[in-house]
Amino acid sequence: MEEWGFLLVDARNAFNEGNSTAILWTVRHLWPSGARFTFNCYRHWSTLMIRSDGGKSLFLHSQEGVTQGDPLAMVAYGILLLPLIKSLKEEIPDVDQPWYADDAGAGGKFNRLRRYFEKLQEMGPSRGYFPEPSKSILIVKEHNREAAEKEFADLGFTIVTGSRYLGGFIGEKSEQLNWVRDRVENWVAAIDELAKVADRFPQSAYAGLQKSLQMEWQFLQRVTEGLSGEFQEIQQALQKKFLPALFGDLIPDNTPEQLAGLPVKKAGLAILNPIESAKSNWMASTVICGHLVAAIRGTVEFNSTEHRDTMAVGKSEYKERNLMAAQTKLNAILKELPDGRSRTIKRGQKTGAWLSVLPSTVNGTELSAQELRDALFMRYAMESNHQTSPQNVMDV
């Protein structure tokens, strides 16, 4: 069988080791419009002053690299590595080489991966990139593990059959599923915590779930295929724990649960059903990143304009398709409701802006628990039997 693997390269203190002269020179030639700004930021050594007792101070000078936390850092560092990446692709075209900042990846046959790593060790230091084999991970199939250990024994790679990679997972299906299930357990626990918060602070809990937590599993769905069945526990936690806590009441029917997964502009709460969103997120990511994936595989030459156009068209089509599907689902739900309630929910499509803003006392967008729940019950034309507790009265 073919001896093939995927190598995750770890570099030594990469952001701090980048060659400052090479950064400025490369930016000047590859990004002329940003050269002056980059030069002004990195023309001098960065200085860190440490004060001690007695009025004494110690000054540490950073001569190389980029300043972590600087918005320009990722751009400048990425441009620094572009000539290195292009040279490696020219030298070893049959190795797929995805890069993200200092995280280098390489997929190919064992002999080509060795050649790739040797060239990286040879060419990288001139730009301040020092790959460390002992911290690098080689992912292989189980039947190739023994061969990999022999092939790379002198380099000391960590040989595994599966590993996390940039928020996703590469490796054997069984290991991938175990890793995903661990993640799901953590997300279910997080939903439980947010449900507890929602008892007194429903707006903050809702914002945390809708704008932050659910984005974590949606990202995983975009980079990993075939995970729909693994999100059942999350959906159950949303329906059985979070939504009842958000409404602060025993929800009289399942209409809010059905509507919750729709966009706010379609009378929903934008709490997507993770079982349904897994497949569509993967397909959308595949289409939107189509040109980039083809360029990584070497079938086309990367073109930034074409990449932007592909993303724009893909996002537009994905958004339109989702809205059409949401409208179809909304129509089916409203068809089963009494006319009066159906009209109220339909009007909610144009009055949901308050659900999309973050709670802020300064900006006047913070709602008390009672205010938020009253608004939700009015949005879905429901009557509440909830008796406000003395503590909730104090909150209001």
Side-chain angles (χ1 to χ4, degrees), residues 5-48 60-138 151-152 154-158 165-166 292 295-298 301-302 304:
F6 191 82
L7 179 64
L8 309 180
V9 180
D10 193 312
R12 183 185 74 198
N13 203 17
F15 276 79
N16 294 330
E17 296 272 7
N19 187 310
S20 294
T21 303
I23 290 175
L24 297 177
W25 178 266
T26 309
V27 168
R28 176 65 183 84
H29 288 79
L30 298 183
W31 187 35
S33 60
R36 175 61 61 183
F37 183 72
T38 307
F39 180 75
N40 289 338
C41 289
Y42 291 103
R43 64 188 296 182
H44 302 298
W45 294 351
S46 299
T47 304
L48 174 65
L60 299 178
H61 297 285
S62 176
Q63 302 179 30
E64 299 288 9
V66 293
T67 304
Q68 295 191 39
D70 175 13
L72 182 65
M74 282 286 285
V75 177
Y77 190 80
I79 293 175
L80 164 70
L81 295 181
L82 278 178
L84 172 62
I85 296 170
K86 290 180 179 179
S87 296
L88 287 169
K89 284 185 177 294
E90 292 173 359
E91 288 268 353
I92 317 159
D94 51 348
V95 171
D96 295 329
Q97 302 175 39
W99 285 68
Y100 182 78
D102 62 318
D103 292 322
K109 296 180 181 179
F110 288 174
N111 62 334
R112 305 309 291 159
L113 287 180
R114 169 177 282 278
R115 174 66 175 163
Y116 167 83
F117 194 79
E118 289 173 348
K119 292 300 294 184
L120 187 59
Q121 286 181 309
E122 176 187 330
M123 301 164 64
S126 64
R127 295 194 161 267
Y129 191 87
F130 300 91
E132 295 190 314
S134 61
K135 293 183 179 180
S136 299
I137 299 172
L138 179 63
E151 176 72 26
F152 300 102
D154 56 324
L155 291 174
F157 293 153
T158 300
Y165 177 60
L166 297 180
L292 184 61
I296 291 173
R297 291 174 175 170
E301 185 175 348
F302 179 76
S304 59

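Just so it is clear, the structure is predicted and the values come from calculations on it, not from any experiment.
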Check against side chain to side chain contact (heavy atoms under 4.5 Å, CB included), E64 and E17 | CA-CA 6 Å; E64 299 288 9; E17 296 272 7; 5.9 Å; no
Please walk me through it: do T38 and R28 pass side chain to side chain donor-acceptor pair (under 3.5 Å)?
-> CA-CA 9 Å; T38 307; R28 176 65 183 84; over 6 Å; no
Under the side chain to side chain contact (heavy atoms under 4.5 Å, CB included) rule, what do I92 and K119 come out as? Steps first, then yes or no, please.
-> CA-CA 9 Å; I92 317 159; K119 292 300 294 184; 4.1 Å; yes
Side chain to side chain donor-acceptor pair (under 3.5 Å) between Y116 and N111, intermediate numbers included = CA-CA 9 Å; Y116 167 83; N111 62 334; over 6 Å; no
Check the pair F15, M74 against side chain to side chain contact (heavy atoms under 4.5 Å, CB included), reporting the backbone distance first and the verdict last.
-> CA-CA 9 Å; F15 276 79; M74 282 286 285; 3.7 Å; yes
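Counting heavy atoms of neighbouring residues, nucleotides and ligands inside a 6.0 Å radius, atom CZ of F302 exceeds 12 of them. Counting non-hydrogen atoms of other residues, nucleotides and ligands closer than 6.0 Å to CZ of F130 gives a total above 12. Summarising the local packing, NZ of K109 is surrounded by 12 or fewer heavy atoms from other residues, nucleotides or ligands at distances under 6.0 Å. Within 6.0 Å of CD in E122 there are more than 12 heavy atoms belonging to other residues, nucleotides or ligands.
Between the CG atom in L8 and the CG atom in L138 there is a gap of 8.5 Å [rounded to 0.5 Å]. The distance from atom CZ of R43 to atom OG of S20, rounded to the nearest 0.5 Å, is 13.5 Å. With values rounded to the nearest 0.5 angstrom, L155 atom CG is found 4.5 Å from R114 atom CZ. Expressed to the nearest 0.5 Å, how far CZ of F6 lies from CG of D96 amounts to 8.0 Å. Distance check, rounded to the nearest 0.5 Å: OH of Y77 to CG of D102 gives 5.0 Å. Here the CE-CD distance, from M123 to E91, works out to 6.0 Å after rounding to the nearest 0.5 Å.
The residues E90 and K86 are annotated as not salt-bridged, no charged nitrogen and carboxylate oxygen being separated by less than 4.0 angstrom.
Using a distance-only test at 3.5 Å, with no hydrogens or angles considered, no donor-acceptor pair links the side chain of S134 to the main chain of G156. The backbone N or O of A22 sits less than 3.5 Å from a side-chain atom of N19, completing a donor-acceptor pair. Looking at R112, its side chain never comes within 3.5 Å of a backbone N or O of D94 through a donor-acceptor pair.
Taking the six-membered ring where the residue is Trp, the centroids of F117 and F152 are separated by 6.0 Å or more. For Y129 and W99, the gap between ring centers is short of 6.0 Å.
When all heavy atoms of V66 and A76 are compared, the closest pair comes out as CG1-CB, 4.2 Å. The minimum heavy-atom distance linking L120 with P131 is given by the pair CG-CG, 4.0 Å. Residue Y42 comes nearest to D70 through the heavy atom pair OH-OD2, 2.6 Å, listed as atom of the first residue, atom of the second, then distance.
Residues L113 and V95 have side chains in contact (heavy-atom distance under 4.5 Å, counting atoms from C-beta outward). Residues P83 and W25 fail the side-chain proximity criterion, which asks for heavy atoms closer than 4.5 Å.
Of the residues listed (T26, I23, L82), the one engaging R127 in a side chain to side chain contact (heavy atoms under 4.5 Å, CB included) is T26, and it is the only one.
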